[in-house]
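Start at 1 and go down the list; that is how both ligands and their atoms are numbered. Quantities reported herein were computed from a predicted structural model and do not represent experimental measurements.
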Amino acid sequence: MESRENIIEIRDLTKSYGKKRGVESISLSVKEGDIFGFLGQNGAGKSTTIRSMLGLIHYQKGEIHMLQMDAVRDQKEILRQVGYMPSEVLFYPSMKVKDVIAFAARARKRDCFNEARRLCGIFQVDGEKKIEELSLGNRKKVSIICAMQHRPKILILDEPTSGLDPLMQEAFFELILEYNRQGTTCFLSSHVLSEVKSYCRHAAIIKDGKIVRTDSVENLLKSDVRCVKIKSGGRKKEFVYTGKMEELIHELAGMQVEDVLIEEPSLDEIFRHYYEK
Ligand SMILES: Nc1ncnc2c1ncn2[C@@H]1O[C@H](COP(=O)(O)OP(=O)(O)OP(=O)(O)O)[C@@H](O)[C@H]1O
């Protein structure tokens, strides 16, 4: 795995919207075959990074390579080989679902009829319906189908599961794992830490337009951050600790501690820790 090539490589990406911060000096790489989670709160810079990767917005500084191609110069070819699902679903409301899906396939110059039909079955999407007749969750499914039907080399999904019910979320991740087994590299942005923990192998945390941590999900969970829960004077306290263990024990020894629990933090707690710094 580690010897594989970087299929996504971002170096020193800076994008500002006038005076407004977008992202600043972002560097990250994703190896071929990975499932990579991109974690951050609202406004952290996830969509700005993703749109830059696809050459959909102009950035002031940095270099991005996708599939060893330049994101700006080779944008057309990259878009053909990549599946992208934006965070907001924008289709012509009066178009039929099957026409939207066929249009997306034609844009890639591919016949995806069989795969599209299979995906419509899995997601229980009716091709004859018009977009305007669909709920937000069902529009999201159409967007997922458009991104996946041509079995892309890289799947880039911007908050794919928001708005999907739990059964559909499960079906979605089953598909992600299936495509990944067949060689697709997946990059997904999310707020939902449990799904990153369950399905991603590597992850980056973005805060205020900057990457604060990139690692394997395994290492993120194994980090030296500890979650400490104590009961003292009848009151419960809970905090995240990153210092030396002996100092913590020394500190606790001076307190009237009735109960103590020191455990590895969940991904939620690690995320919160970086956000509260
Ligand atoms: N078109 C735009 N014009 C001005 N500012 C923008 C624009 N798009 C994004 N921004 C700003 O850039 C920053 C990063 O936004 P971005 O949409 O990339 O965040 P995000 O992590 O994708 O958030 P969310 O989870 O809410 O989608 C925010 O401060 C946002 O207000």
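- Of the protein's non-hydrogen atoms, the one nearest atom 19 (O) of ligand 1 is Gly45 N, 3.2 Å.
- Under a cut-off of 6.0 angstrom, the local environment of CD in Gln182 is crowded, with over 12 non-hydrogen atoms contributed by other residues, nucleotides or ligands.
- Inclusion of Ser87 in the set of residues having an N or O under 3.5 Å from an N or O of ligand 1 is not warranted.
- Contacts of Arg235 classified as side-chain contact (heavy atoms from CB on, under 4.5 Å), with partners at least two apart in sequence or in another chain: none.
- Residue Asn42 places at least one N or O, backbone or side chain, under 3.5 Å from an N or O of ligand 1.
- Gln81 contributes no side-chain N or O that, together with a main-chain N or O of Lys153, makes up a donor-acceptor pair within less than 3.5 Å.
- A salt bridge is absent between Glu24 and Lys15; no separation between the charged side-chain nitrogens and carboxylate oxygens falls under 4.0 Å.
- Among all non-hydrogen protein atoms, the one lying nearest atom 6 (C) of ligand 1 is Tyr17 CD1, 3.3 Å.
- At a heavy-atom cutoff of 4.0 Å, ligand 1 is contacted by both the backbone and the side chain of Lys46.
- Closest to atom 29 (O) of ligand 1, if we only count protein heavy atoms, is Arg21 O, 3.7 Å.
- A salt bridge is absent between Glu263 and Arg226: the closest approach of a Lys/Arg side-chain nitrogen to an acidic carboxylate oxygen does not fall below 4.0 angstrom.
- Of the protein's non-hydrogen atoms, Thr48 OG1, 3.8 Å is the one closest to atom 15 (O) of ligand 1.
- Between Ala44 and ligand 1, at least one pair of N/O atoms sits closer than 3.5 Å.
- For the pair Lys140 (side chain) and Gly163 (backbone), a donor-acceptor distance under 3.5 Å is absent.
- Here Leu28 contributes atom CG and Arg11 contributes atom CZ; the two are 12.0 Å apart, rounded to the nearest 0.5 Å.
- Arg117 meets the side-chain hydrogen bond (donor to acceptor under 3.5 Å, both in side chains) test with no other residue; sequence neighbours excluded.
- Shown here is Tyr92, whose OH atom has no more than 12 heavy atoms of other residues, nucleotides or ligands within 6.0 Å.
- Of all protein heavy atoms, the one lying nearest to atom 23 (O) of ligand 1 is Gly43 N, 2.7 Å.
- Remark: among candidates Ser47, Ser190, Pro86, the nearest residue to atom 22 (O) of ligand 1 is Ser47, based on non-hydrogen atoms.
- Which parts of ligand 1 touch Gln41 is read off a 4.0 Å heavy-atom cut-off, strictly below it: atoms 21 (O).
- Considering backbone and side-chain N/O atoms, Gly22 never comes within less than 3.5 Å of an N/O atom of ligand 1.
- Contacts between Glu159 and ligand 1 below 4.0 angstrom, taking non-hydrogen atoms only, involve the side chain exclusively.
- Looking at atom 31 (O) of ligand 1, its nearest protein heavy atom turns out to be Lys20 NZ, 3.1 Å.
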